Amino acid sequence: MAPLMHWYFIFFLLSGFCSLVYEVVWLRLAMAQFGVITPLVSVVLSVFMAGLGLGSWLAGRLMAALGAPAPAVPLRLYALVELFIGVSGLLVPRLLRSGHALLVEAGGDAGWGSPEYFLGATLWITLALLPACTCMGATFPLAMAAIERSAGLRTAQSFSYLYVANVLGAALGTAVPAFVLVEALGFLGTSLVAVVLNFLLAAAALGLSRGRQSQVAAALPAEPPPAPHSSDTPAGDTLWLLFTTGVVSLALEVVWIRLYTPYIGTVVYAFAAILILYLLGTFLGSRLYRATPTAALPARAATAWLLAGVFAALALACADPRFGQPGFLRGLLRVFMAVLPFSAAVGFLTPMLVDRWSAGDPRRAGRAYALNVLGSIVGPLLAGFALLPWLGERWSVVLLTVPLLALGWRVTRGPGAVPAFSVRAALLLPLVLLVVARTYEEKFTPREVRRDYAATVTAVGTGMERRLLVNGTSMTILTPITKMMAHLPAASLPRAPQNALVICFGMGTSHRSLLSWDIPVTSVELIPSVPELFGYFHADGAALLASPRSRIVIDDGRRFLERTPEQFDVITIDPPPPVEAAGSSLLYSREFYSALKKRLRPGGLLQQWIPYGDPATKAAVARALRESFPYVRVFERRPGWEYHFLASLEPIPARSAAELAQRLPPAAAADLVEWGPQPTPEEQFAFILSREIPLEQLLLLAPRAPALQDDRPINEYYLLRRQLGVLTYAE
């Protein structure tokens, strides 16, 4: 392999790494600024993919318009776009913050349900991200043109060569931030690593363009002329095939997250594991394609199409709760078996199709890759907003295998013949799995299941054993803890409460308990289907939802606080367990408390609950509260396990259990003791008051742990300190 080609491999390895770092960081920064909601995630990922497709198409046309530029021109253009990407890495976080500030300043109490807010956030995200993502997409045609001009000939497989390097870098760009960089450096520090690498890439490409190309070009080996299109993939069909693989692959990624999060534990690590294995499989498949002799390609391509459909269908078997025992490592094994083989098959097909269509022509490669990226935009939208809400995980998988198996059946009749028995077995597999496979929620009886664009929500159990599951993760149970979250702050106020706000509706217990005070209660819930199950957990749920004092808002809690003009006497927050849940740090951070303080009426109280967490998480939450509120009280319900925080901008009255009980209206007193464990309100309050601890006790658990903030989500990123014992802050 010529030295110049080694350079290009390194360029695309590092640029792939940087691109995925930016995708991870920018998605999270956008969530912090505009909301932890599925439409927001879809907008960010769509803009990212749209930029890649647009850049690929525009750069291809630019190279065609330039005709035969000097050898250094494409490489210098490549250096320029890498430089611009690095500059964007510095600018995008600032642009997102500016857009958030403008939307907040615009005022109004509408959240993501408001067309104005949705449009404004979408336009600003597009403005902030699209230029950089367009430059990322432009790198393929520019580098292909540089290779062509440097070598003095067209290399038929230049796209796949760069694709292999880019995918490997992308896998590293997913794994390293998820498991190392974010925990150690925060999101902005992680972004700076990518910025430095982009600047180094720009400098290296610029240096390579000066004086060395004429010497290296002569050393490049000549490659055989491009292979003609084989009969299994006619030229006219190639672009549609690329579009189809993009749609199916990215739609399946969305379905996989629903299927396997219950086995991995949190969306953060489930998403990371799926994406890493997807990229790793794509890399292996691409390497296999490049190692395949031309004469063997038709047979292997036919097999790859058929196997792609078979492996896609196997996702149902791998997600069956009867397959193996629970556990994180076994969950990873499920993901490995479902994702890697399918991704390898698609990784074989995608670069093969682009190579055949482009034959090394940057313009044609740009167009082909743009169509594949367009499919990658349509796929997640199709899965998230149509297939999963309407059909569920099982039927979604089956329907997504249909186009792959149809293509496999078609090409097996061509030069790459596959035994008829194998074809029939492959075509029958999705139907068999549709009947025999089970999804995670089907392990529970009785159950009620709701699906929407955001999640699969399941209510299970009977009596006091009822539970709420979101994407297979247990969110809450029927427990007096959630009653205390309502009654303790309401009874501790310096006056009778006039209204209350609940962030995270869950089973609705806190909402129900606050309504017993006969005051207006607003609850904000992220998942649209969750309030629909209120009646499963509480017999009076439907009547309470119909009450004029009851208001349910489907929105991100933080965005609601920033946009509502209302003030509340009580704000109670019940973040979903586990404490590591994706996005949950945005309900514990200093920035969140800064927004919340503006919505507290003078003398009002915040009730913050935190489930079990490691010492660093507890200390980080406690420090964020101490830095945000001058008055904080802590009640340790179970030693080292659960904590109620009361926080206020004014002194919190220190009332006795008897005084607190006397302040309860009759309906509230009955609600407090409905599930025990103590028989009277006074005894209930006496129990929790006896568990008060000084805030400093939590701070001393990890004295050097920083206050939890948007940029340092200590609770969500924990692998280094928990598994390896490596502290990511000075101790």
Side-chain angles (χ1 to χ4, degrees), residues 444-450 452 455 457-470 474-491 493 496-555 557 560 568-574 576 607 609 644 660-661 663-681 683-685 688:
F444 300 102
T445 302
R447 64 179 179 274
E448 284 191 23
V449 181
R450 300 286 188 277
D452 55 47
V457 182
T458 310
V460 303
T462 59
M464 290 300 292
E465 300 300 318
R466 282 171 283 187
R467 286 191 290 155
L468 175 68
L469 308 175
V470 176
S474 181
M475 293 287 107
T476 184
I477 59 175
L478 291 177
T479 170
I481 296 173
T482 47
K483 291 181 177 292
M484 189 60 71
M485 293 177 191
H487 295 301
L488 179 62
L493 287 168
Q498 301 177 40
N499 62 357
L501 172 67
V502 178
I503 295 179
C504 303
F505 183 82
M507 286 181 165
T509 303
S510 295
H511 182 86
R512 179 174 179 261
S513 295
L514 284 166
L515 283 172
S516 70
W517 285 75
D518 197 28
I519 58 174
V521 180
T522 299
S523 285
V524 182
E525 173 56 47
L526 196 62
I527 310 299
S529 296
V530 166
E532 296 176 13
L533 294 170
F534 190 23
Y536 184 95
F537 304 111
H538 302 284
D540 55 355
L544 291 175
L545 287 179
S547 167
R549 296 186 179 276
S550 175
R551 179 190 179 199
I552 307 296
V553 177
I554 303 302
D555 199 359
F560 176 83
F568 301 91
D569 286 305
V570 172
I571 300 178
T572 185
I573 307 169
D574 181 11
Q607 194 284 157
W609 182 74
H644 292 279
L660 292 173
R663 295 175 61 83
L664 294 173
D671 178 83
L672 179 58
V673 299
E674 181 182 12
W675 300 334
Q678 308 302 326
T680 67
E683 290 175 284
Q684 294 273 53
F685 283 126
I688 197 68

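Just so we're clear, the structure is a prediction, and the values are computed from it rather than from any experiment.
Remark: the backbone N or O of Leu478 is not paired with any side-chain donor or acceptor of Arg466 at under 3.5 angstrom. When atom types are taken as modelled, the side chain of Asn499 and the backbone of Ile519 share no donor-acceptor pair closer than 3.5 angstrom. Formation of a donor-acceptor pair under 3.5 Å by the Asp569 side chain with backbone atoms of Gln498 is found in this model. Between the Thr572 side chain and the Met485 main chain, a donor and an acceptor come within less than 3.5 Å of each other.
For residues 512-539, the set of pairs meeting the salt bridge (charged side-chain N to carboxylate O under 4.0 Å, His left out) definition, not counting sequence neighbours, comprises Arg450-Glu532, Arg512-Asp540, Arg512-Asp671, Arg512-Glu674, Asp518-Arg549.
His487 has its side chain out of reach of Leu660: every pair of non-hydrogen atoms, C-beta onward, lies at least 4.5 Å apart. Looking at Ser550 and His511, their side chains come closer than 4.5 Å, going by heavy atoms from C-beta outward. For the pair Val570/Trp517, no side-chain contact is recorded, criterion being any heavy-atom separation below 4.5 Å from C-beta on. With contacts defined as side-chain heavy-atom distances shorter than 4.5 Å, the pair Gln684/Ile688 does not qualify. Using a 4.5 Å cut-off on side-chain heavy atoms (C-beta onward), Val673 and Lys483 make no contact.
Scanning both residues, Val470 and Met475, for their nearest heavy atoms gives CG2-CG, 3.4 Å. Closest heavy-atom contact between Asp452 and Pro528: OD2-CD, 3.4 Å. Contact detail for Arg467 and Phe537: the closest heavy-atom pair is O-CE2, 3.5 Å. Taking every heavy atom of both residues into account, Leu664 and Pro681 meet most closely at CD1-CB, 3.7 Å. For the pair Asp555 and Val524, the tightest heavy-atom approach, listed with the atom from each and the gap, is O-CG1, 3.3 Å. Annotation for Pro480 and Pro677: closest pair CG-CD, 4.0 Å, computed over non-hydrogen atoms.
Interatomic distance, Leu533 CG to Ile527 CD1, rounded to the nearest 0.5 Å: 12.0 Å. Interatomic distance, CG of Leu468 versus OG1 of Thr458, reported as 8.5 Å (0.5 Å rounding). Met507 CE to Thr482 OG1: the interatomic distance, rounded to the nearest 0.5 Å, is 8.0 Å. Between Thr522 atom OG1 and Ile503 atom CD1 the span is 10.5 Å, to the nearest 0.5 Å. Taken to the nearest 0.5 Å, the CZ atom of Phe560 stands 5.5 Å off from the CG atom of Leu501. Taken to the nearest 0.5 Å, the CD1 atom of Ile573 stands 11.5 Å off from the OG atom of Ser510.
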Would you check, one step at a time, whether the test side chain to side chain contact (heavy atoms under 4.5 Å, CB included) holds for Ile554 with Val530? CA-CA 10 Å; Ile554 303 302; Val530 166; over 6 Å; no
Chi angles and distances behind the side chain to side chain contact (heavy atoms under 4.5 Å, CB included) call for Leu672, Phe685: CA-CA 10 Å; Leu672 179 58; Phe685 283 126; 3.8 Å; yes
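Aromatic ring pairs are classed by plane angle as parallel below 30°, tilted from 30° to 60° and perpendicular above 60°; the pair Phe505 and Phe534 is perpendicular.
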